[in-house]
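The block underneath contains the structure these notes are about, expressed in structure tokens.
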There are 2 protein chains.
Amino acid sequence: MQNLKRSMNRLQAMELFVSAVREGSFSAAGRRVGLSPASVSRYIGELEAQLGVQLLNRSTRHLGLTDAGKIFFQRTEQVLHGIEDAEAAALALQTAPRGTLRVHSRTLFGIKVLSPLIPGFQKLYPELKVELRLSERRPQLREDEFDVDFQIQAAKDPALMQRRLLRSERILVASPDYVARMPKLREPEDITRHNCLTYWMGPDDVVWKFMHRNRLREIVVPSSFSSNNGVVLCDLAAGGHGIALLDDYTVADELKSGRLRRLLPGFRVTNSTFDEGMYATFLQSSYLPEKIRVFVDYMAEHVPKQVKRSAR
Amino acid sequence: MQNLKRSMNRLQAMELFVSAVREGSFSAAGRRVGLSPASVSRYIGELEAQLGVQLLNRSTRHLGLTDAGKIFFQRTEQVLHGIEDAEAAALALQTAPRGTLRVHSRTLFGIKVLSPLIPGFQKLYPELKVELRLSERRPQLREDEFDVDFQIQAAKDPALMQRRLLRSERILVASPDYVARMPKLREPEDITRHNCLTYWMGPDDVVWKFMHRNRLREIVVPSSFSSNNGVVLCDLAAGGHGIALLDDYTVADELKSGRLRRLLPGFRVTNSTFDEGMYATFLQSSYLPEKIRVFVDYMAEHVPKQVKRSAR
DNA sequence: ATCGATCTTTTCAGATTCTGCAAAGGACAT
DNA sequence: ATGTCCTTTGCAGAATCTGAAAAGATCGAT
């Protein structure tokens, strides 16, 4: 153990080195962490001086790694992850969950199910701040720095862990007004003569799948309107503009009030897979931070009740 | 990646934490690394504050780890070892001749001089892989990621360093058969009545320069054939097709065997500059990797011998 | 060929962190 | 009760860190 009196901030140098390699220049790295290019240049130069190793070949347009630089980069990335893990592990063993919980969900589920539950959760854990972000875009948990994302499908990525909160079904719905003035729907194929409000999943044809007594029928659906937002589809359907395919619990209120009717109730319907639900999704970790554990536990207990309550 | 401006020396804090746990007190840790107990106390306090985790239970006689402290200690020890490993690995690649050596040379020099020397070099350094690339194109050492290039001229670029391996002369040669059936060459100007096999240097006229007793004569040379490849020029000259201007050591065997004759031996001849040779060229570096140093040293020792041997 | 944009490096002066000393208080052993 | 060793906190001086400015390099666009 050598003398540590007034030693250079080596960890900062390592972080800057990794950032410079990733971003491709000292200036870009500096912009990222709030330092000037001059500071970045000095740190990395000092790192090389202390090591006695040239890590980078510099030019104004190209940053090249030496062979020694390559191995040092790989090892240093691992070290930085190790530090994050050490901190996360220590924090996870705290008895009181604290800090900020960053949560993501689709808009409709966030509005209808999650947001009514947040106040009750925060009453239990007042030291925990919650950021709830809603969008139709599927985030990257690590890169976008979310603690929990609510996803409708089981995750394939081994780096993710999930807790299933509920099963869901998709159902066809339309307003009574629309049902009265359009031809009756008896078979799935009748759907082609209707105005379908579809969920936007890409530039391909929209296919709705109908399952009845283990017989599957796939219908290419004409779509005069599509959106990636469930609230919009729900509102247009209730407004009498066509037929929408939506998750059952998200239209429970409209069904109860009679603003929407279910169509073809004898069929299971989906635009992707039949086996769907709602999963609380978080990064795999040796020690799950307490704040995530308590949040997921709370939602596992309360989401099914919330969904039932709004379906009554 | 968070703001790094004036961030606390986290690595030092981690090192002090580990040392305090091992030594059993802040004071003992401080004695070990040359810091006062007050400094150690402040670092560890700051570490806990930033983590939001209590790591140690302090008393004047006993330092106790919390549960969070225990896991943080284990992980931090690993991190510190990881840093040592990263540094050792980078230094090892710098100081030990290992890894891959990427070498470039012109074709003729590569075939005649370099490639016979590579096995001897690799016997000395078996852990070093060598990639030898031959071409007539002048590479960019940094962008093309070559460690060493053999160039015939002194470099003007300050980013490059060179070691001169040998001096060379260019000489006029032709086969005995060609000499017997063509008019005798007495003066440089006689060259215009001969078939010249020229080295392709661009679309301009080819000029051969003759120096005798400080008198320079520049002759525009008729060229029925040109190539950027010395092997080709050598073969055509030996086949009796004309006169070629080639580096002395590259035609030593042909001169010895009588397949080629030297012409106008009283003149120094060149198609560019008279002061040429062969330079091992590599990127300027504060810390020259060992693999480059041993390679250049080996070639500096053996190339002159190899050239003499083939000139005998 | 010129210009503009972006880059790295070095120097300088001001801002901020780091440092030991001193003081205060605590926990033992003798 | 005393001595030894310990941790913590405030203070003032020492050292590091920082961006701005200047200089030079390298491209791409015109």
Side-chain angles (χ1 to χ4, degrees), chain A residues 2-17 19-50 54-66 69, chain B residues 2-17 19-50 54-66 69 140-144 155-160 283-287:
Chain A
Q2 80 285 30
N3 193 306
L4 287 185
K5 186 177 289 189
R6 296 203 179 270
S7 58
M8 186 263 279
N9 198 333
R10 234 183 339 157
L11 183 54
Q12 180 149 343
M14 290 162 81
E15 281 170 324
L16 288 170
F17 169 71
S19 188
V21 173
R22 284 192 186 139
E23 306 288 333
S25 78
F26 291 177
S27 302
R31 284 193 294 273
R32 191 143 185 133
V33 303
L35 285 179
S36 70
S39 291
V40 177
S41 176
R42 276 190 300 255
Y43 269 108
I44 294 175
E46 189 61 30
L47 183 61
E48 287 175 316
Q50 292 206 358
Q54 180 117 7
L55 299 172
L56 294 168
N57 291 316
R58 295 142 166 93
S59 78
T60 58
R61 288 299 177 98
H62 182 253
L63 209 45
L65 279 168
T66 64
Chain B
Q2 80 284 29
N3 193 307
L4 287 185
K5 186 177 289 192
R6 291 198 182 275
S7 57
M8 186 264 277
N9 197 333
R10 235 183 337 158
L11 184 54
Q12 180 149 345
M14 290 162 84
E15 281 170 323
L16 288 169
F17 169 70
S19 187
V21 173
R22 283 190 187 140
E23 305 290 331
S25 77
F26 292 179
S27 303
R31 284 195 291 274
R32 194 153 180 122
V33 302
L35 285 178
S36 71
S39 291
V40 176
S41 174
R42 277 191 294 256
Y43 268 109
I44 293 175
E46 188 62 30
L47 183 62
E48 286 175 318
Q50 291 207 356
Q54 175 121 10
L55 299 172
L56 292 168
N57 294 313
R58 295 146 169 88
S59 78
T60 58
R61 285 306 178 97
H62 182 253
L63 213 42
L65 279 168
T66 65
Q140 298 295 308
L141 266 78
R142 180 177 284 118
E143 288 80 359
D144 299 327
K156 298 196 181 78
D157 184 351
L160 298 180
L283 285 173
Q284 150 72 270
S285 168
S286 303
Y287 311 98

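Note: hydrogens, waters and symmetry copies are ignored here, and every other heavy atom, side chains too, is used. Throughout, protein chains are lettered first and strands after them, A, B, ... in sequence-line order, and every chain is numbered starting at 1. Everything numeric in this text was worked out from a predicted model, so none of it was measured.
Side-chain atoms of Asn9(A) lie closest to dC17(D) of the nucleotides dT8(C), dC17(D), dT7(D). The nucleotide whose nearest atom lies closest to any side-chain atom of Arg31(B) is, among dC6(D), dT18(D), dC7(C), dC6(D). The listed nucleotides are dT19(C), dT8(D), dT10(C); the one nearest the side chain of Tyr43(B) is dT19(C). Checking dT7(D), dG20(C), dG14(C) against every side-chain atom of Ser36(B), the shortest atom distance belongs to dG20(C).
The distance from atom CD of Glu23(A) to atom P of dT8(C) is 12 Å, rounded to the nearest whole Å. In this structure, CZ of Arg42(B) is placed 13 Å from P of dT17(C), rounded to the nearest angstrom. The CD atom of Gln140(B) sits 10 Å away from the P atom of dT26(D) (whole-angstrom rounding). Spacing between atom CD of Glu46(A) and atom P of dT8(C) amounts to 18 Å, rounded to whole angstrom units. Arg10(B) places its CZ atom 18 Å from the C1' atom of dC18(C), with the value rounded to the nearest Å. The nearest whole Å value for the distance from the CD atom in Gln12(A) to the C1' atom in dT17(C) is 12 Å. As rounded to whole Å, 14 Å separates atom C1' of dT8(D) from atom CG of Leu56(B). The CZ-P distance, from Arg6(A) to dT19(C), rounds to 6 Å in whole Å.
Using a 4.0 Å heavy-atom criterion, one finds that Arg58(A) contacts the sugar-phosphate atoms exclusively.
Not one side-chain nitrogen or oxygen of Ser25(A) sits closer than 4.0 Å to the OP1 or OP2 atom of dT6(C). Taking side-chain N and O atoms only, Ser27(A) has a distance below 4.0 Å to OP1 or OP2 of dT8(C). For dG19(D), the OP1/OP2 oxygens have a side-chain nitrogen or oxygen of Ser39(A) closer than 4.0 Å.
Minimum interatomic distance between Gln54(A) and Thr66(A) (heavy atoms only, all atoms of both residues): O-OG1, 2.7 Å. Contact record, Leu55(B) with Glu48(B): N-OE2, 2.7 Å, taken as the closest heavy-atom pair. The two residues Ala28(B) and Glu23(B) come nearest to each other via the heavy atoms CB-CB, 3.7 Å.
Residue whose closest nucleotide on DNA chain D sits further toward the 5' end, between Met8(A) and Pro37(B): Pro37(B).
Side-chain atoms of Gln12(A) do not come within 3.5 Å of backbone N or O of Tyr43(A) as any donor-acceptor pair.
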Item to check | side chain to side chain contact (heavy atoms under 4.5 Å, CB included) assessment of Arg10(A) paired with Gln50(A) | outcome: CA-CA 10 Å; Arg10(A) 234 183 339 157; Gln50(A) 292 206 358; 4.3 Å; yes
